[in-house]
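This report concerns only the one structure given below.
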Amino acid sequence: MTGWIVLIVLIIILLVAFFFLFWDAIKNYLEKHYHEQRVYKVLNYYAEEEDQLLLNHLVLYLAGDNQPTLFDHIVFADKYVYVVSVFNKTGGLYGNVEDPNLFLCRSKNKVVKIANPILANEKRVLKLEETVHVQHSDKMFVSVVVYNPSLIVPKGIAKKNQTSWFLPVTELEKTIKTAEKDSVSPISHHKSEELVKMLKHRSEQNKSEMAVQEKNLQNRKR
């Protein structure tokens, strides 16, 4: 009997040691596969609780573009429209937040240059505003890039102002709720509903057309 108890204790110790030894790898795996889903759950919960409108995975042709642009999520709240992009990387970011590229340090000897996700989403928002005929000076749209919690982000890159955020998913809901307390004129529900209907219709139409094009391409390859 004593032998079985000792064996069980040893197994438990080994499992705990294994867990802590590979915790970073486990955490990175979970974030890589579930970060996008976590962002969606936060936004969906917020939209349902606050009776707001949420659109997901929109495919839109923006002003002056020949190629469609994918929007992960757009939340139509009372004070602002939040255009959300999901960002998931392992390591640490550094560089100038105003530069077109940032640097991702994956390890001591591995640094790669990546497109600045903050500027990229801000540009998408500017084109979206132009497409739906909203003045940027109205500060109605907010560019939101949501990164995974384990990503190391210095204060110089983390960003939160009235029109652009770069923040971890753990701060997303709280930051939206805080922004919705701003002393600005609310967006009329009629205008929000019109925008939602228009964008949803355009996205569904674009997806259908792209599906037909893909099917025709596959048929030609046969």
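Being a predicted model, the structure only gives us computed values, none of them experimental. Only heavy atoms go into these numbers, but all of them, side chains included; no hydrogens, no water, no symmetry mates.
- No more than 12 heavy atoms of other residues, nucleotides or ligands shown are found within 6.0 angstrom of CD1 on I152.
- Counting heavy atoms from C-beta outward, E50 and K177 have side chains that approach closer than 4.5 Å.
- Under the 4.5 Å side-chain heavy-atom criterion for ILVMFWY residues, no single connected hydrophobic cluster contains both F141 and L167.
- A single hydrophobic cluster is seen to contain both L195 and F71, as judged by linkage of ILVMFWY side chains at heavy-atom distances under 4.5 Å, directly or through other members.
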**Request:** Given side-chain contact (heavy atoms from CB on, under 4.5 Å), test K200 with L53 step by step and report yes or no.
**Result:** CA-CA 11 Å; K200 186 177 180 181; L53 301 170; over 6 Å; no
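- Going from atom CD of Q37 over to atom CG of N44 covers 11.0 Å, rounded to the nearest 0.5 Å.
- Using a 30° and 60° split on the angle between ring planes, F103 and Y94 fall in the parallel class, below 30°.
- For D138, there are no side chain to side chain donor-acceptor pair (under 3.5 Å) partners at least two apart in sequence or on another chain.
- For the atom pair CD (Q162) and NZ (K79), the distance works out to 10.5 Å, reported to the nearest 0.5 Å.
- Heavy-atom minimum distance, F76 versus S192: CD2-O, 4.3 Å.
- A side-chain donor-acceptor contact under 3.5 Å links H35 to the backbone of V146.
- Residue N161 qualifies as enclosed at atom CG: its count of foreign heavy atoms under 6.0 Å is above 12.
- In this structure the side chain of L128 reaches within 4.5 angstrom of the side chain of I74, judged on heavy atoms.
- Tracing side-chain contacts under 4.5 Å through hydrophobic residues (I, L, V, M, F, W, Y), one reaches V75 starting from V39; they form part of the same cluster.
- No more than 12 heavy-atom neighbours from other residues, nucleotides or ligands sit within 6.0 angstrom of NZ on K41.
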**Residue pair L58, R202: steps toward the side-chain contact (heavy atoms from CB on, under 4.5 Å) verdict** = CA-CA 9 Å; L58 293 177; R202 288 187 182 182; over 6 Å; no
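- A side-chain donor-acceptor contact under 3.5 Å links N116 to the backbone of V97.
- What you find for S203 and L60 is that their closest heavy atoms are N-CD2, 3.8 Å.
- A donor-acceptor contact shorter than 3.5 Å is absent between the side chain of K113 and the backbone of N101.
- The side chain to side chain donor-acceptor pair (under 3.5 Å) test applied to D65 returns K127, not counting sequence neighbours.
- Residues P149 and R38 form a side-chain contact, since some pair of their non-hydrogen atoms from C-beta on lies under 4.5 Å apart.
- By the 4.5 Å heavy-atom criterion applied to side chains, V142 and T163 are not counted as neighbours.
- Taking all atoms of both residues into account, the shortest heavy-atom contact from A158 to V153 is N-CG1, 3.7 Å.
- Within the 4.5 Å cutoff, the side chain of N148 has heavy atoms near those of the N88 side chain.
- Counting heavy atoms from C-beta on, the side chains of L93 and I114 come closer than 4.5 Å.
- With contacts defined as side-chain heavy-atom distances shorter than 4.5 Å, the pair M210/V59 qualifies.
- At least one side-chain heavy atom of V145 sits less than 4.5 Å from a side-chain heavy atom of P117.
- Note that the CD atom of E122 and the NZ atom of K159 stand 4.0 Å from one another [nearest 0.5 Å].
- Smallest separation of non-hydrogen atoms from L151 and K89: CD1-O, 3.6 Å.
- Considering every non-hydrogen atom in both H189 and D78, the closest pair reads CE1-OD1, 3.8 Å.
- For the atom pair CZ (R124) and CG (L119), the distance works out to 11.0 Å, reported to the nearest 0.5 Å.
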**Message:** I'd like to know whether S143 forms a side-chain contact (heavy atoms from CB on, under 4.5 Å) with V83, so could you lay out the CA-CA distance, the side-chain angles of the two residues, the decisive distance to 0.1 Å, and finally the verdict.
**Reply:** CA-CA 5 Å; S143 170; V83 182; 5.7 Å; no
**Request:** Could you give me the CA-CA distance, side-chain angles and deciding distance for M140 and E129, then say whether side-chain contact (heavy atoms from CB on, under 4.5 Å) is met?
**Result:** CA-CA 9 Å; M140 177 178 166; E129 289 173 335; 5.9 Å; no
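- Here K160 pairs with E171, T175 under the side chain to side chain donor-acceptor pair (under 3.5 Å) rule; sequence neighbours left out.
- Note that the OH atom of Y61 and the CD atom of E209 stand 7.0 Å from one another [nearest 0.5 Å].
- Neither V84 nor V196 shares a network with the other; the hydrophobic side chains, linked directly or stepwise wherever heavy atoms of I, L, V, M, F, W or Y lie under 4.5 Å apart, form separate groups for each.
- The shortest non-hydrogen separation linking I118 to S164 is CG2-OG, 3.9 Å.
- Rounded to the nearest 0.5 Å, atoms OH (Y45) and CG (L54) are 15.0 Å apart.
- Note on V42: it clusters hydrophobically with Y40, by side-chain heavy-atom contacts below 4.5 Å among ILVMFWY residues.
- Checked against a 6.0 Å centroid threshold, the rings of F87 and Y147 do not count as neighbours.
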